[in-house]
Amino acid sequence: MTCSGHTRPVVHLQFSPITDNGFYLISASKDGKPMLRKGETGDWIGTFEGHKGAVWGVALNSDSRRAATGAADFCAKIWDAVSGQELHNLSHAHIVKTVDFSSDDNHLVTGSNDKLLRVYDLNQIDSDPIKFNGHSSAIRHVLFANDSRLIVSASEDKTIRFWDKTSQQEIKKLDFNTIPYSIELSKDSQLLSICYGNYVQFLDMNSMETIKEFKIPTQVLSSTLHPDKSVFVCGGEDFKMYKYDYNNGNE
């Protein structure tokens, strides 16, 4: 099953949670036209029109009625995912690489090339965002975690950082010898997968300690763990997709 439509590389994907109407897939592309599809079939539902540059990050909220996008035109946008209408334009000082909704849908976090994380209160969208400062290079990926009490960010400064949302303080930093390309929470939010160099690492979100690490035959750009934690798949620079047994590490 293939989903055509984008005219330039697809750089980020996200499946929605399961809703009363099924589930959905949103895609970010360098063509500047994020698309929404039915998750079961890949059928095209609509395209969000409005960005004037490559779209790098996308997210859907818990009921898939709102979408968020981050782009090279120095802004993040929030959309009505039913009508496709743009609801809010959030200006930034640089390219926005990543966006994520909180679990209660009340906040949006963004990560930008200006090295800052911003948290917007969606119930007071015109108020200034809370800024988290600490990274020394562009932010690649950001996620809410632990019932959105925590924010996790991956940066080109070769670190992953954990931030307390309430105190706005950095509470832990992981240093790598190469850029961590992407991060993803498991379905139950208990594990964080980290792709860096030739490795996929899994970290326990309660202890914030590494519990498994797998060496892959190529530079890894993304990975995802099956909801039952039996297998994970990953892909990278060699144009192959790899599937591994999560428990014993067999390919």
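A pairwise comparison of heavy atoms in Gly57 and Ala28 identifies N-CB, 4.0 Å as the closest pair. Closest approach of Leu108 to Ala68, counting heavy atoms only: CD1-CB, 3.6 Å. Pairing each heavy atom of Leu36 with each of Ala81, the nearest pair is CD2-O, 3.7 Å. Scanning both residues, Arg161 and Gly134, for their nearest heavy atoms gives NH1-O, 3.3 Å. Minimum heavy-atom separation, Lys158 to Ile179: CG-N, 4.0 Å. Of all the heavy atoms in Ala154 and Pro180, the pair that sits closest is CB-O, 4.0 Å.
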Evaluate the side chain to side chain donor-acceptor pair (under 3.5 Å) criterion for residues His51 and Thr69: first the C-alpha distance (whole Å), next the side-chain angles of each, then the deciding distance (0.1 Å), finally the verdict. CA-CA 9 Å; His51 279 296; Thr69 54; 2.7 Å; yes
Apply side-chain contact (heavy atoms from CB on, under 4.5 Å) to the pair Arg140 and Tyr181, showing each step before the final yes or no. CA-CA 7 Å; Arg140 294 191 62 90; Tyr181 266 89; 3.3 Å; yes
Show your working on side chain to side chain donor-acceptor pair (under 3.5 Å) between Asn21 and Thr19 and close with a plain yes or no. CA-CA 5 Å; Asn21 297 309; Thr19 74; 4.8 Å; no
Can you check side-chain contact (heavy atoms from CB on, under 4.5 Å) on Leu191 and Ile211, steps first, answer last? CA-CA 9 Å; Leu191 297 176; Ile211 56 173; 3.4 Å; yes
Give the intermediate values and the outcome of side-chain contact (heavy atoms from CB on, under 4.5 Å) for residues Lys212 and Val200. CA-CA 8 Å; Lys212 286 180 182 285; Val200 178; over 6 Å; no
Test log, rule ring-ring contact (aromatic ring centres under 6.0 Å, His included), inputs Phe74 and His94: CA-CA 5 Å; Phe74 290 25; His94 213 300; 5.2 Å; yes
side-chain contact (heavy atoms from CB on, under 4.5 Å), that's the test. Do Lys97 and Thr110 meet it? Break it down for me. CA-CA 8 Å; Lys97 281 289 183 70; Thr110 68; over 6 Å; no
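Checking side-chain atoms of Ser102 against main-chain N and O of Ser148 turns up no donor-acceptor pair under 3.5 Å. Proximity of a side-chain donor or acceptor of Gln14 to a complementary backbone N or O of Leu60 within less than 3.5 Å is detected. His6 places no side-chain N or O within donor-acceptor distance of the main-chain N or O of Ser4, the cut-off being under 3.5 Å. In this structure, the side chain of Ser193 engages the main chain of Glu184 through a donor-acceptor pair within 3.5 Å. Put simply, the side chain of Ser29 never gets that close to the backbone of Gly32: no donor and acceptor are under 3.5 Å apart. At distances below 3.5 Å, at least one donor-acceptor pair connects side-chain atoms of Ser127 with backbone N or O atoms of Gln124. Not one N or O on the side chain of Asp100 forms a donor-acceptor pair closer than 3.5 Å with the backbone of Leu143. Put simply, the side chain of Thr159 never gets that close to the backbone of Asp175: no donor and acceptor are under 3.5 Å apart.
Placement of Leu117 and Val119 within a single hydrophobic cluster is found when ILVMFWY residues are connected by side-chain heavy-atom separations under 4.5 Å, directly or transitively. Transitive grouping of hydrophobic side chains (ILVMFWY, heavy atoms separated by less than 4.5 Å) keeps Val99 and Ile183 in distinct clusters. Trp163 and Leu150 fall into different hydrophobic clusters, defined by Ile, Leu, Val, Met, Phe, Trp and Tyr side-chain heavy atoms under 4.5 Å apart, directly or through other members. Residues Phe202 and Val220 share a single hydrophobic cluster, defined by chaining ILVMFWY side chains whose heavy atoms lie under 4.5 Å apart. Phe232 and Phe15 are members of different hydrophobic clusters when ILVMFWY side chains are connected at heavy-atom separations under 4.5 Å.
Ion pairing of Asp147 with Arg149 is present here, as a side-chain N (NZ or NE/NH1/NH2) and a carboxylate O approach within less than 4.0 Å. A salt bridge links Lys229 to Asp188: at least one charged side-chain nitrogen sits closer than 4.0 Å to a carboxylate oxygen. A salt bridge is absent between Lys243 and Glu251: the closest approach of a Lys/Arg side-chain nitrogen to an acidic carboxylate oxygen does not fall below 4.0 angstrom.
Looking at Gln190 and Asn206, their side chains do bring a donor and an acceptor atom within 3.5 Å of each other. Judged purely by distance below 3.5 Å, without hydrogens or angles, the side chains of Ser112 and Asp114 pair a donor atom with an acceptor atom. Thr210 and Gln201 share a side-chain donor-acceptor pair at under 3.5 Å. Residues Ser137 and Ser155 bring no donor and acceptor atom of their side chains to less than 3.5 Å of each other. Between the side chains of Trp56 and Thr98, not a single donor N or O lies within less than 3.5 Å of an accepting N or O. With 3.5 Å as the limit, one finds no donor-acceptor pair spanning the side chains of Thr218 and Glu237. With hydrogens and angles left out, the side-chain atoms of Asp238 and Tyr242 include a donor and acceptor closer than 3.5 Å. Side-chain atoms of Ser16 and Ser64 include a donor-acceptor pair closer than 3.5 Å.
Ring orientation note: the planes of Tyr244 and Phe214 are tilted relative to one another, at an angle of 30° to 60°.
Of the inter-residue distances, the one linking Leu203 atom CG with Ser186 atom OG reads 11.0 Å to the nearest 0.5 angstrom. Taking OG1 of Thr166 as the reference point, atom CD of Gln168 lies at 8.5 Å (rounded to 0.5 Å). Separation of atoms CE (Met208) and CG (Leu174) is listed at 9.0 Å; rounding is to 0.5 Å. A distance of 9.0 Å separates CZ in Phe162 from CG in Asn146, rounded to the nearest 0.5 Å. Interatomic distance, NZ of Lys172 versus CG of Asp164, reported as 15.0 Å (0.5 Å rounding). The structure places NE2 of His135 at 7.5 Å from CD of Glu170, a figure rounded to the nearest 0.5 Å.
Side-chain contact between Cys234 and Met241: absent, with no pair of heavy atoms (C-beta onward) separated by less than 4.5 Å. Side-chain contact between Met35 and Thr47: present, with at least one pair of heavy atoms (C-beta onward) separated by less than 4.5 Å. Between Leu13 and Ser27, the closest side-chain pair of non-hydrogen atoms falls below 4.5 Å. Between Arg118 and Leu90, the closest side-chain pair of non-hydrogen atoms is not below 4.5 Å. Within the 4.5 Å cutoff, side-chain heavy atoms of Ile194 are placed close to those of Phe176.
At least one test fails for Lys77 against the ring of Phe48: distance under 6.0 Å to the centre or angle within 45° of the axis.
For Phe101 and His107, the gap between ring centers reaches or exceeds 6.0 Å.
Other residues, nucleotides and ligands place more than 12 heavy atoms under 6.0 Å from the CG atom of Asn248. Counting non-hydrogen atoms of other residues, nucleotides and ligands closer than 6.0 Å to NZ of Lys240 gives a total of 12 or fewer. More than 12 heavy atoms of other residues, nucleotides or ligands shown are found within 6.0 angstrom of CD1 on Ile45.
With Val58 as the fixed residue, the side-chain contact (heavy atoms from CB on, under 4.5 Å) test singles out one of Ile26, Leu25, Val11: Ile26. In summary, of the residues considered (Asn61, Asn123, Asp121), a side-chain hydrogen bond (donor to acceptor under 3.5 Å, both in side chains) with Asn106 occurs for Asn123 alone.
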